[in-house]
Amino acid sequence: MSINPLTNGQPLRELLSGDARQLAPLLLGAVLTHESRDGAVSVRLTEVEAYLGPEDSLHPDPGSHTYRGPTPRNAPMFGPAGHLYVYFTYGMHHCTNIVCGPEGTASALLLRAGEIVAGTDVARRRRTTSKSPADLARGPARLAKALGLTTADSGRDALAPPFGLVLPPRPVPSVSSGPRVGVSGAGGSDQYSWRFWITGDPTVSQYKAAKPRAARPPAAGPRMGGPAA
DNA sequence: TTCACGATTGCCT
DNA sequence: GGCAATCGTGAAC
């Protein structure tokens with residue numbers, strides 16, 4: 001078995017215990033696999049974002065879920081590297097992170113987009129609204145959906161069955177970076193250019209800024225745990 | 001206990 | 001290009 005030049009023979013989990021911002025470009029081109037009852041899907045990662053924990057006093061990350069410290073939801077981010085942190089957002093979407101850094105720190109890489117390289121039919125069943133193959137995992141919520149991941153998978157080990165993570169045999173030829181998207185406030189500014197993607201890849205997500213929520217809903221009755229069906 | 005909002009997506013015009 | 005959908009989370013009271 002040949003030594004991967006990216007890891008220099010280093011075990012993958014040990015590699016993932018490093019700095020998320022340095023790991024991000026290395027994970028581009030890596031293939032994440034999830035095998036479940038309805039089939040296995042493999043995604044080649046084309047876009048990721050780094051998030052740091054509160055323990056990094058030099059770079060406090062206001063865009064991170066762990067900015068205010070550990071909670072039951074973000075607990076996996078403080079766990080060992082190589083595990084998944086999956087969270088639920090906007091009342092309907094799941095987003096997937098791979099935990100990085102040494103245990104006790106809370107850095108992670110958000111998987112923003114990828115290309116389905118195996119199990120396309122399974123991914124298509126899960127992503128019935130996708131029109132083209134490139135759309136199947138273009139966007140963090142789409143990627144989670146294509147892989148069949150939910151919060152039930154948060155905290156599970158991405159390096160052990162039914163998951164699997166394989167780095168590319170060689171670095172991707174060209175990596176771009178820029179400010180993270182969808183992160184409000186300072187965490188989304190140029191100061192945090194921790195979004196990395198494969199230059200020119202068609203599956204890199206095209207983010208549409210969320211519409212700023214109206215300061216106050218129209219006076220159409222009390223808010224009873226969400227909009228009436 | 002209440003309330004505002006989010007690391008987004010897909011439908012509609 | 002604009003906007004509604006939808007609910008878990010955590011801060012505020």
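The partner of B:dA7 is absent, by the rule that a Watson-Crick or G-U pair needs both atom distances under 3.5 Å. C:dT6: no Watson-Crick or G-U partner with both key distances under 3.5 Å is found in any strand.
Put simply, A:Arg127 has a side-chain N or O that comes within less than 4.0 Å of OP1 or OP2 on B:dG10.
Taking the side chain of A:Arg142 as heavy atoms from C-beta on, and the options C:dG10, B:dA7, B:dT9, the nearest nucleotide is B:dT9. Distances from the side chain of A:Ala141 to the nucleotides B:dT9, B:dG10, C:dT9 place B:dT9 closest. The side chain of A:His93 approaches B:dT9 more closely than any other nucleotide in the set C:dG8, B:dA7, B:dT9.
At distances below 3.5 Å, not a single donor-acceptor pair connects side-chain atoms of A:Thr128 with backbone N or O atoms of A:Arg124.
Distance A:His94 NE2 to C:dT9 P: 10 Å, rounded to the nearest Å. To the nearest angstrom, P of B:dA7 lies 10 Å from CD of A:Glu49. Computed from coordinates, the A:Met77 CE to C:dG10 C1' distance equals 16 Å when rounded to whole Å. In this structure, A:Asp135 places its CG atom 8 Å from P of B:dG10, rounding to the nearest Å. The OH atom of A:Tyr85 sits 11 Å away from the C1' atom of C:dG8 (whole-angstrom rounding). A:Lys145 places its NZ atom 12 Å from the C1' atom of B:dG10, with the value rounded to the nearest Å.
Taking the six-membered ring wherever Trp is involved, the centroid distance between the rings of A:His65 and A:Tyr87 falls below 6.0 Å.
Among the protein residues, A:Arg180 comes within range of no part of the nucleic acid, since none of its heavy atoms lies under 4.0 Å from any strand.
Below the 3.5 angstrom threshold, one finds no donor paired with an acceptor across the side chain of A:Tyr90 and the base of C:dA5.
The stretch residues 63-72 of chain A comes close to DNA chain B through A:Gly63, A:His65, each having a heavy atom under 4.0 Å from the strand.
The closest side-chain donor-acceptor pair between A:Thr129 and A:Arg127 falls under 3.5 angstrom. A donor and an acceptor atom, one from each side chain of A:Thr46 and A:Glu115, are nowhere located under 3.5 Å apart.
Under the 4.5 Å side-chain heavy-atom criterion for Ile, Leu, Val, Met, Phe, Trp and Tyr, A:Ile116 and A:Val48 are members of the same hydrophobic cluster.
If you take atom P in B:dA7 and the same atom in C:dG2, they sit 22 Å apart, rounded to whole Å.
Salt-bridge annotation for A:Arg180 and A:Asp190: absent, with no side-chain N of the basic residue lying under 4.0 Å from a carboxylate O of the acidic one.
Look at A:Phe88 and the base of C:dG8; the rings do not stack under the cut-offs of 5.5 Å between centres and 30° between planes.
Aromatic ring pairs are classed by plane angle as parallel below 30°, tilted from 30° to 60° and perpendicular above 60°; the pair A:Phe163 and A:His34 is parallel.
With the nearest nucleotide of DNA chain C identified for both A:Thr151 and A:Met92, A:Met92 has the one nearer the 5' end.
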